[in-house]
Chemist: 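Before I ask anything, let me first share the structure, which is written out below as structure tokens.
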There are 2 protein chains.
Amino acid sequence: MKHFSREDIKKLPSLERRALVNGIAGVKSLNLLGTISEEGKYNLAVFNSIVHIGSQPPMLGFILRPTTVERHTYDNMISTKKFTVNQVNTSIYKQAHQTAANYEQGISEFDEAGLTPQILQPYDVPFVQESKIKLACEYNNEYFIQENGCRLIIANIIDIYADEQIIEKNGFVNHDRAETSGAIGLDAYVSLKLLDRLDYARPQQEIKSILTDGTS
Amino acid sequence: MKHFSREDIKKLPSLERRALVNGIAGVKSLNLLGTISEEGKYNLAVFNSIVHIGSQPPMLGFILRPTTVERHTYDNMISTKKFTVNQVNTSIYKQAHQTAANYEQGISEFDEAGLTPQILQPYDVPFVQESKIKLACEYNNEYFIQENGCRLIIANIIDIYADEQIIEKNGFVNHDRAETSGAIGLDAYVSLKLLDRLDYARPQQEIKSILTDGTS
């Protein structure tokens, strides 16, 4: 078994340390955040830190890196309050990765990465046409993480749009069928295969599969 | 395209709403958190909300549901400050799911779910022997999310243990080789397949694959 102590980790070269720590806790969700500036310019950026916050009311959160460099997504979100969350699927993970390049303010990552802005009324903030799941969200609050200057952004989910057949009757989101991609560390992309769905766990009771063919 | 407005979401039956909102943003990391009570009893619980916080110093975070019901993991973490994070792989996702059953305080989910506690010196808090990646962590801080009573827990990563061959020379954590499992929504489990690793993205530059055979 390999072992890295905290001292070992601190002494690693920067890129190696970042890859190790960023990747160690498993797979990460992968989404493109779309925003619009006050001047009407589109911005698109890949995020791999979205977490579920609550369903009543529907909210999500994500971690924003320190704002010591330009953060176009954050600036736009603060000024317009609106943003979109767009699924990265296995057909567009390369384009999603390219949005992370350091483009100047005013340059649209849609154009540069080769993704198509889509307008869904009544929003003027752009969605990603190629995504099979899209959310309209509203900035709600933020918590400054004093340990390293990151922020946890809390947002309200206002609208959910998804291709037919992805959301099953019981609310299950079939990301296998949606060909949703996930991320590992700084630079790796994975596909997902549904293994099982399991019944509510109870003490002293056998675990039962509740996997259906998805049409029920 | 299916559309759910915020009003539609609010009106869904509880389980359907939870499945939809919890699953909508993609795949989630999946880990077992091990703790020990002041009386020396082991506790193990599955968490699917771990996010990367930072690599210098190495930290992770996770979302804790409101503490209006008993939260053994949280109580133990607050009293001893130590906990372990253990990878869920495709061989143990059913056991991981079973740890979510509502066992009484003092009952070890290791025994009930069929997982093996492992002690790694100098810790007395238990790791999961069946996991191929294990972290020793220390509670650092928490942020109360006033919007719904959840907490963001911030923890220091103190030690990383991993099977040989999982962590490549450049720090890349090969979760495909580690057979790491991910979660969707409340009850679904997925396996991962590595699609690609991509070079650092730069404006006006073609995206290059940097995927190797993992031995370099």
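Keep in mind that what you see is a predicted model, and the values were worked out from it rather than measured. Here is how names work: the chains are called A, B, and so on, in the same order as the sequence lines, proteins then strands, and each is numbered from 1.
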Chemist: Give the minimum heavy-atom separation between A:S55 and B:R18, together with the two atoms involved.
Modeler: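 Minimum heavy-atom separation between A:S55 and B:R18: OG-CG, 3.3 Å.
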Chemist: What are the two closest heavy atoms between B:S5 and A:D159, and how far apart are they?
Modeler: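 That would be CA-OD1, 3.4 Å.
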Chemist: Give the member of B:I9, B:L12, B:I50, B:L120 that has the highest number of heavy-atom pairs under 4.5 Å with chain A.
Modeler: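 Of the candidates given, the most pairs with chain A belong to B:I9.
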Chemist: Atom CD of residue position A:E206 - does it have more than 12 heavy atoms of other residues, nucleotides or ligands inside 6.0 Å?
Modeler: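 Atom CD in A:E206 is not packed in, count stays at 12 or less.
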Chemist: Would you name the heavy atoms of B:A100 and A:A201 that are closest together and state the gap between them?
Modeler: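 Minimum heavy-atom separation between B:A100 and A:A201: C-CB, 4.4 Å.
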Chemist: Between B:L135 and chain A, which part of the residue has a heavy atom less than 4.5 Å away: side chain, backbone, both or neither?
Modeler: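 Answer is side chain: those atoms of B:L135 sit under 4.5 Å from chain A.
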Chemist: I'd like to verify something: which residue of A:V88, A:N140, A:T99, A:L60 has the highest number of heavy-atom pairs under 4.5 Å with chain B?
Modeler: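 Ranked by heavy-atom pairs under 4.5 Å with chain B, first place is A:N140.
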Chemist: Sub-3.5 Å donor-acceptor pair from the side chain of A:N22 to the main-chain atoms of B:H52, do we have one?
Modeler: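 Checking the backbone N and O of B:H52 against the side chain of A:N22, no donor-acceptor pair under 3.5 Å is found.
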Chemist: Using heavy-atom distances under 4.5 Å, tell me whether B:I166 contacts chain A through its side chain, its backbone, both, or neither.
Modeler: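 For B:I166, no heavy atom lies under 4.5 Å from chain A.
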Chemist: Taking side chain as C-beta onward, heavy atoms only, is B:I24 less than 4.5 Å from A:I167?
Modeler: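 When only atoms from C-beta onward are counted, A:I167 and B:I24 do touch, with a gap below 4.5 Å.
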Chemist: For B:Y161, is it the side chain, the backbone, both, or neither that has a heavy atom closer than 4.5 Å to a heavy atom of chain A?
Modeler: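 It is both, since atoms from each part get that close.
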Chemist: With a 4.5 angstrom heavy-atom cut-off, which part of B:F144 approaches chain A: side chain, backbone, both or neither?
Modeler: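 Backbone only.
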Chemist: I would like to know whether B:K94 and A:D196 meet side-chain contact (heavy atoms from CB on, under 4.5 Å); could you show each step before the answer?
Modeler: CA-CA 9 Å; B:K94 287 182 186 175; A:D196 215 342; 3.6 Å; yes
Chemist: Check for a donor-acceptor pair, side chain of B:N31 on one end and backbone N or O of A:G26 on the other, with a separation under 3.5 Å.
Modeler: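 The answer is no, because no donor-acceptor pair under 3.5 Å joins these two groups.
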Chemist: Can you tell which of B:L198, B:I207, B:I184, B:I53 has the highest number of heavy-atom pairs within less than 4.5 Å of chain A?
Modeler: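 Highest number of heavy-atom pairs under 4.5 Å: B:L198.
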Chemist: For the candidates A:Q205, A:E164, A:M59, A:H175, which exhibits the highest count of non-hydrogen atom pairs separated by less than 4.5 Å from chain B?
Modeler: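 The residue among A:Q205, A:E164, A:M59, A:H175 with the greatest pair count is A:H175.
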Chemist: Listed by residue number, which members of residues 126-134 of chain B have a heavy atom under 4.5 Å from any heavy atom of chain A?
Modeler: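 Residues B:I133, B:K134 are the ones that qualify, each having a heavy atom under 4.5 Å from chain A.
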Chemist: Please classify the contact of A:R202 with chain B as side chain, backbone, both or neither, using a heavy-atom distance under 4.5 Å.
Modeler: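 Answer is backbone: N, CA, C or O of A:R202 sit under 4.5 Å from chain B.
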Chemist: Would you call A:V190 and B:L195 a side-chain contact if the rule is heavy atoms closer than 4.5 Å?
Modeler: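 A side-chain contact is absent here, since even the closest heavy-atom pair is not under 4.5 Å.
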Chemist: Take a 6.0 Å sphere around OH of B:Y200 and say whether it holds more than 12 heavy atoms from other residues, nucleotides or ligands.
Modeler: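 Atom OH in B:Y200 is not crowded, with 12 or fewer foreign heavy atoms closer than 6.0 Å.
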Chemist: Quickly, which of B:I154, B:V51, B:L152 forms a side-chain contact (heavy atoms from CB on, under 4.5 Å) with A:L152? Name it, please.
Modeler: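 For A:L152, the side-chain contact (heavy atoms from CB on, under 4.5 Å) check succeeds only for B:L152.
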Chemist: Write down the atom of B:A19, the atom of A:N170, and the distance for their closest heavy-atom approach.
Modeler: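 Closest pair (atom of B:A19, atom of A:N170, distance): CB-O, 3.8 Å.
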Chemist: Go through B:K10, B:E147, B:E112 and name the one with the most non-hydrogen pairs under 4.5 angstrom from chain A.
Modeler: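 The candidate making the most pairs under 4.5 Å is B:E147.
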Chemist: Do you know which of A:N141, A:V85, A:D199 has the most heavy-atom pairs with chain B at a distance under 4.5 angstrom?
Modeler: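 Looking at each option in turn, the highest pair count goes to A:N141.
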Chemist: B:E7 versus chain A, heavy atoms under 4.5 Å apart: side chain, backbone, both or neither?
Modeler: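 Answer is neither: B:E7 stays 4.5 Å or more from chain A.
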Chemist: Donor-acceptor pair, B:E16 side chain versus A:F172 backbone, under 3.5 Å?
Modeler: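 Such a contact is absent between B:E16 side chain and A:F172 backbone.
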Chemist: Which atom names give the shortest non-hydrogen contact between B:A101 and A:P203, and what distance separates them?
Modeler: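 Scanning both residues completely, I find the closest heavy atoms to be CB-N, 3.5 Å.
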Chemist: Heavy-atom pairs under 4.5 Å with chain B: which of A:V173, A:L20, A:V21, A:I160 has the most?
Modeler: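 Option with the greatest count: A:I160.
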Chemist: A:R17 versus B:Q56: any side-chain heavy-atom pair under 4.5 Å?
Modeler: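 A:R17 reaches B:Q56 side chain to side chain.
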Chemist: Counting only heavy atoms not in A:K2, do more than 12 fall under 6.0 Å of its NZ?
Modeler: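 Correct, the count exceeds 12.
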Chemist: Which one of A:Q95, A:Q204, A:Q146 has the most heavy-atom pairs closer than 4.5 Å to chain B?
Modeler: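 It is A:Q146.
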Chemist: Mind ranking B:N86, B:I157, B:T180, B:D163 by heavy-atom pairs under 4.5 Å with chain A and telling me who comes out on top?
Modeler: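 Most pairs with chain A among the choices: B:I157.
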Chemist: Among the options B:A25, B:G185, B:G182, pick out the one with the most heavy-atom pairs lying under 4.5 Å from chain A.
Modeler: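 Top count of heavy-atom pairs under 4.5 Å with chain A: B:A25.
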Chemist: Taking side chain as C-beta onward, heavy atoms only, is B:R6 less than 4.5 Å from A:P57?
Modeler: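 They are in contact (side-chain heavy atoms under 4.5 Å apart), so the answer is yes.
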Chemist: Based on non-hydrogen pairs under 4.5 Å, which of A:S209, A:S191, A:S29, A:A136 is most in contact with chain B?
Modeler: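 Between A:S209, A:S191, A:S29, A:A136, the count favours A:S191.
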Chemist: By a 4.5 Å heavy-atom criterion (distance strictly below it), what part of A:I63 contacts chain B: side chain, backbone, both, or neither?
Modeler: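 Side chain only.
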Chemist: Are the side chain of B:H97 and the backbone N or O of A:R197 linked by a donor-acceptor pair below 3.5 Å?
Modeler: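 No; judged by distance alone, with no hydrogens or angles, the pair does not exist.
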Chemist: With a cut-off of 6.0 Å (strictly less than), are more than 12 heavy atoms of other residues, nucleotides or ligands near NZ of A:K81?
Modeler: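 More than 12 within 6.0 Å, yes.
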Chemist: Determine the option with the most heavy-atom pairs under 4.5 angstrom with chain A, choosing from B:L186, B:N156, B:N102, B:I210.
Modeler: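 Heavy-atom pair counts peak at B:N156.
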